[in-house]
2 protein chains.
Amino acid sequence: MSNSHSVGVVTPQRVRFDTPLALKSGASLPSFELVYETYGTLNATASNAVLVCHALSGSHHVAGTYGDDPKSAGWWDNLVGPGKPLDTNKFFVVGVNNLGGCYGSTGPLSINPENGRRYGADFPLVTVEDWVAAQARLADHLGIDAWAGVLGGSLGGMQALEWSLQFPERIRHALVIASAPKLSAQNIAFNEVARQAILSDPDFHQGHYVERGVVPVTGLRLARMIGHITYLSDDQMGEKFGRQLRHGERRFNYDVEFEVESYLRYQGDKFAGFFDANTYLMMTKALDYFDPAYDFGGDLDAALARAKADFFVASFSTDWRFSPARSREIVSALLHNRRRVAYAEIDCPAGHDSFLLDDRHYHALLRAYLENIAV
Amino acid sequence: MSNSHSVGVVTPQRVRFDTPLALKSGASLPSFELVYETYGTLNATASNAVLVCHALSGSHHVAGTYGDDPKSAGWWDNLVGPGKPLDTNKFFVVGVNNLGGCYGSTGPLSINPENGRRYGADFPLVTVEDWVAAQARLADHLGIDAWAGVLGGSLGGMQALEWSLQFPERIRHALVIASAPKLSAQNIAFNEVARQAILSDPDFHQGHYVERGVVPVTGLRLARMIGHITYLSDDQMGEKFGRQLRHGERRFNYDVEFEVESYLRYQGDKFAGFFDANTYLMMTKALDYFDPAYDFGGDLDAALARAKADFFVASFSTDWRFSPARSREIVSALLHNRRRVAYAEIDCPAGHDSFLLDDRHYHALLRAYLENIAV
């Protein structure tokens with residue numbers, strides 16, 4: 001590999017679980033498979049394992065490349081590798097495609113054993129709690145009693161937090177980045193518009209589009225365009241595109257006029273070309289439902305009393321999807337429970353997507369925290 | 001009328017102009033009609049006329065009711081009437097449906113004289129400049145040499161600003177509320193997603209849906225849902241809906257789960273039931289294109305040097321669509337040009353939509369400013 005800090009060429013693995021998994025919704029999956037990748041080496045006491053949880057459109061492919069194609073680098077490759085902040089010389093890092101995903105784990109694209117057809121919309125809604133329960137099966141399979149750390153951004157951060165609540169003895173450090181203890185009404189509203197775009201696409205066919213050989217491209221494209229606006233900051237969009245005209249002059253028609261339109265259309269088209277619409281719907285619902293305080297009358301302090309892990313929490317100044325105020329809610333509740341918390345609000349212009357960038361200050365903080373974890 | 005401060009029962013009027021109107025896009029309208037309403041009495045010197053400009057979904061029906069139906073009250077009825085801040089005992093108030101609108105003025109729903117068919121998508125794109133040019137024809141028709149004031153919120157505020165630039169001698173006071181000197185990249189991005197929702201609706205038929213007896217309801221509904229999120233503040237959505245569940249418990253399906261979803265769907269359905277899709281598209285483009293500094297190399301100070309009016313500018317603390325910072329850009333450029341400017345940033349929780357509410361402080365400021373206008 002040309003990149004000496006890359007984990008190099010990686011190969012996804014697959015594991016099957018045949019014990020039924022009871023889901024939060026009341027439904028149950030008789031069996032399921034998870035696709036995952038690992039980087040680094042699990043030490044003899046299995047004390048150096050870190051789980052990286054993905055957000056809405058991520059996957060198990062966190063780091064490294066497939067074959068020699070540099071374009072196939074994992075989605076958090078800037079963070080994970082030998083000598084990188086999440087150092088694979090020290091840690092055994094695990095990435096997993098969540099249940100219901102569309103990258104190989106059991107989900108809407110899988111065959112429903114009950115009728116031999118693809119699940120499609122019949123795949124049950126899965127929640128952050130369900131993902132963590134499934135990830136615990138993977139930990140068992142890998143011989144990991146307790147994670148040194150569970151790390152994630154956005155929806156991934158919710159999984160890290162949920163690990164500390166559902167399996168307090170099985171996680172030593174939770175790293176919760178650009179996340180929130182629950183969605184706001186505005187967050188849900190954006191998700192709902194994205195869902196309605198997909199659900200009302202004539203090619204959606206009540207979620208059984210694959211059987212009909214079509215894809216609700218239009219809805220998925222709109223959903224991604226809406227999402228994309230919320231991932232970037234107003235300022236950064238202004239810096240990146242401003243009011244720059246595509247053709248240098250105004251043409252007064254509905255073709256691309258401003259560069260930002262071109263960018264959004266491109267992002268929407270690209271995403272609609274590979275992501276599964278049922279998975280997208282489900283991911284947005286998992287976001288909506290996440291609310292650890294739900295069973296505690298809305299009392300987040302009470303909800304987080306179960307946690308025993310140490311925490312690293314980080315937010316970004318220009319993130320208006322999950323603003324620093326949302327991270328502070330988590331920090332405050334953790335402090336009320338006398339947890340050890342490292343917290344940083346990082347000045348970064350890139351909005352919610354900042355968590356995926358290699359901002360120097362951000363990565364230095366993560367590196368310092370991770371270096372300090374004993375294995 | 002039970003409401004003693006109402007202008008009472010009103011009747012729209014209609015005027016036809018047969019001199020061609022050259023549009024900003026280069027196209028020309030051979031003739032056009034405007035629908036308008038007036039409240040109060042024009043004085044002998046025609047010095048007491050105030051034009052109220054509407055925003056994206058507004059109309060000429062600013063105040064009063066049709067027949068006895070209180071549900072038919074005009075969209076700014078809380079502001080306009082005898083004894084109200086825009087006092088019809090003093091002022092002669094004019095509301096007009098803009099060119100390209102769908103409430104009776106010539107627009108996409110009108111018959112194209114060239115071929116006897118509805119314009120649909122063949123209606124030329126009209127801009128804020130074009131609207132003001134058309135409104136000037138209406139002023140001529142009404143015998144109004146100069147408006148005592150031109151008033152508008154949001155896109156309506158852009159028209160008030162444009163009046164001061166295009167016809168500096170014909171406007172004494174410009175009242176620019178919850179507006180901006182031009183859209184940001186993020187503003188354009190939201191408009192673009194709304195447009196794509198409509199343009200990609202299979203019932204859109206390249207804008208000639210009426211001839212086919214259909215309406216792109218799905219796209220229009222999504223467009224309105226997206227818009228609605230940007231009209232409200234995050235805080236107000238939180239207060240109004242929070243995470244309140246529709247059925248008191250989670251049902252884990254794609255029906256309405258949270259109240260905010262129900263609200264958005266309702267708003268979308270309602271709007272899609274009466275608003276014209278081509279008009280919506282055009283309105284968003286008028287917003288995108290508005291940029292008085294465009295011909296001045298982006299220099300707003302230079303662009304506003306033409307203005308001779310006095311100004312009232314107001315913004316709302318929780319408006320994230322056109323934040324106070326955007327109003328301050330206007331105020332700053334006006335001050336550099338030694339214009340007289342009254343400016344207020346009003347604490348109001350209702351986001352962009354605040355400009356339509358009868359917030360006490362806001363209305364008191366408007367009243368004080370308008371009372372001070374000599375007629």
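Below, chain A is the first sequence line, B the second, and so on; all start at residue 1. Reckoned from all heavy atoms, side chains included, excluding hydrogens, waters and symmetry mates.
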Novice: Restricting to non-hydrogen atoms, name the atom on B:Arg243 and the atom on A:Leu183 that form the minimum distance, rounded to 0.1 Å.
Specialist: NH1-O, 3.0 Å
Novice: Between B:Ile229 and A:Gln186, is the side-chain contact (heavy atoms from CB on, under 4.5 Å) condition met? List the steps.
Specialist: CA-CA 7 Å; B:Ile229 298 176; A:Gln186 191 190 67; 3.9 Å; yes
Novice: Cation-pi between B:Arg250 and A:Tyr294: NZ/CZ under 6.0 Å from ring centre and within 45° of the ring axis?
Specialist: yes
Novice: Kindly give the heavy-atom pair with the smallest separation between A:Ile226 and B:Ile226, and that separation in Å.
Specialist: CD1-CD1, 4.0 Å
Novice: In terms of heavy-atom pairs under 4.5 Å with chain A, which of B:Ala197, B:Gly238, B:Ala121 leads?
Specialist: B:Ala197
Novice: For chain B, which residues from residues 216-225 of chain A lie under 4.5 Å away (heavy-atom distances)?
Specialist: A:Thr218, A:Arg221, A:Leu222, A:Met225
Novice: Which pair of heavy atoms, one from B:Ala185 and one from A:Phe241, lies closest together, and at what distance?
Specialist: CB-CB, 4.4 Å
Novice: Checking an interface table here. Which of residues 198-206 of chain B come within a heavy-atom distance under 4.5 Å of chain A?
Specialist: B:Leu199, B:Ser200, B:Pro202
Novice: By ring-ring contact (aromatic ring centres under 6.0 Å, His included), which residues pair with A:Phe258, not counting sequence neighbours?
Specialist: none
Novice: Suppose a student defines contact as a heavy atom less than 4.5 Å from any heavy atom of chain A. Which residues in residues 276-283 of chain B would they list?
Specialist: B:Asn278, B:Leu281, B:Met282
Novice: Is A:Tyr266 atom OH crowded by more than 12 heavy atoms from other residues, nucleotides or ligands, each under 6.0 Å away?
Specialist: no
Novice: Kindly indicate whether the side chain of A:Glu261, heavy atoms from C-beta on, has any atom under 4.5 Å from the side chain of B:Asn191.
Specialist: no
